[in-house]
Amino acid sequence: MSETAKLVYGDKSLEMKVTRGSEDELGVEIGALRAKTGLITLDPGFMNTGSCQSAVTFIDGDKGILRYRGYSIEELAEKSSFLEVSHLLLEGELPTKAQLDTFTSRVKLHTMLHEDVKRFYKGFPKDAHPMAVLSAVCGALSTFYQDSLDIDDPAQVDISTVRLIAKFPTMAACSYKHSIGQPFLYPVNAHDYTSNFLHMMFATPCEGYEVSPVVSKALDLLLILHADHEQNCSTSTVRLVGSSQANLFASISAGVNALWGPLHGGANQAVIEMLDQIESEGLDGRKYLERCKDRNDTTRLMGFGHRVYKNFDPRAKIIKKACGEVLGQLKKQSRLLDIAAELEEVALKDDYFVSRKLYPNVDFYSGIIYKAIGIPVNMFTVLFAMGRLPGWIAHWKEMHKDPATKIGRPRQVYTGATERKYTPIAERK
Ligand code: CMC
């Protein structure tokens, strides 16, 4: 039996179909609302708006559940690798050994950048933020791969997907090397995905870099945990840009820019800057929290709160545990971890945070691992982008296959001036 909801407005009423998802989430289909009643929905920040039906990722924010294609994040984090998870997100299924081998070899085949792409980097100032560079170079790929921009050709979408996943670590490492004035390194395809990235970041032409398995495993875990998160700001951006039939490189470049903001992926950098400030200025954590609660102060407890999770973010739990393990294995201490743990403990007992259901999110502890494994702070959000890439592409592909897809184009309630007569400039006061 199909379910419906009824909306009454004055003497008009509308019966609307209710769509039920596989996890019993309900969505009321309001497509006919304006035509039948003259109303539109008004929902700033899309707090309560479903933009699509999706089979990629499930989140239950009240229970703190996250699953990619039905598999729990906890299990994937423990048992899988980033390329396996990428295959899962992109193809819908975990790969067989043969499928994973093929996917891995294809990715390895495309890790190099076109030599002319590298010339782009020289034009950027040394202190350019690597997210700005990544998005610019990513957009520029559509000028180098004009043979694969047709969004309706599955073979072209497939090769663009592989190129993006293969080249992102190389592009990211080049932006770092440019910022410190060192030559770019070529990828070494004998390495696995994360070790190759670490090699390109930290080796030089005259000095090798021995990749620690602890470090590459920690990085792989972080990439898995960031790989998708349903209709977040950057993924929605990728879908919205893609809905105009813009090519994959252009859509992903837009996603990188959306991720950069401190309320989204940029929070991982902001958290470390916050913890550093508390440490270096010897601030009292409790007093800092008071500032975060003060309505007249714009300070927020970065790495806390989430639009969807009103419970622990399951990724934060995994990262906090990994933090302790990685620091232990590397025989490192982190004063920042102590400060973060203290802030968390106090916040989780404080009525302000409790009543608003504000818990640590994925960004609260991730920077401590990045820092411990030697990643520079302004590269943290770039690593978030590397992780989120397969999720962005999975959503972009899903959107194009969905017959319900239309160009994304919200409406508005206009509040500006009503019609007025044009005044010639000489008569204006
Ligand atoms: N510190 C202090 N107060 C907060 C915080 C925070 N981190 N987060 C939310 N609040 C308060 C906010 O002031 C508001 O209070 P009131 O009801 O009195 O006006 C209430 O909690 C609800 O907040 P909101 O801003 O309406 O919630 P939102 O769903 O629009 O925003 C958020 C979600 C993640 C942007 C927000 O919690 C935030 O700014 N957190 C800090 C930045 C951060 O860590 N971002 C990473 C998010 S997770 C990874 C990702 O998406 O990339």
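In this text, all values refer to a predicted model and were calculated from it rather than measured experimentally. Atoms within a ligand are numbered from 1 in the order they appear, just like the ligands themselves.
Counting atoms of ligand 1 from 1 in the listed order, those under 4.0 Å from a heavy atom of Gly303 are 43 (C), 44 (O). Of all atoms in ligand 1, numbered sequentially from 1 with element shown, those under 4.0 Å from a heavy atom of Ala267 are 43 (C), 44 (O), 45 (N), 46 (C). Residue Val362 approaches ligand 1 through these ligand atoms, each under 4.0 Å from one of its heavy atoms: 49 (C).
At a 4.0 Å heavy-atom cut-off, ligand 1 does not touch Asn232 at all. Contact annotation for Tyr352 and ligand 1: only side-chain heavy atoms (C-beta onward) come within less than 4.0 Å of the ligand. At a heavy-atom cutoff of 4.0 Å, ligand 1 is contacted by both the backbone and the side chain of Arg307.
Considering backbone and side-chain atoms alike, Leu263 places an N or O below 3.5 Å from some N or O of ligand 1. For ligand 1, none of its N or O atoms has an N or O atom of Met302 under 3.5 Å away.
Taking the centre and axis of the six-membered ring of Phe144, the NZ or CZ atom of Lys118 falls outside the cone set by 45° and 6.0 Å.
Within a 4.0 Å radius of atom 26 (O) of ligand 1, the protein contributes no non-hydrogen atoms. Per-atom contact check: atom 19 (O) of ligand 1 touches the protein, criterion being a heavy-atom distance below 4.0 Å.
By the side chain to side chain contact (heavy atoms under 4.5 Å, CB included) test, Ala132 pairs with Trp260, sequence neighbours left out.
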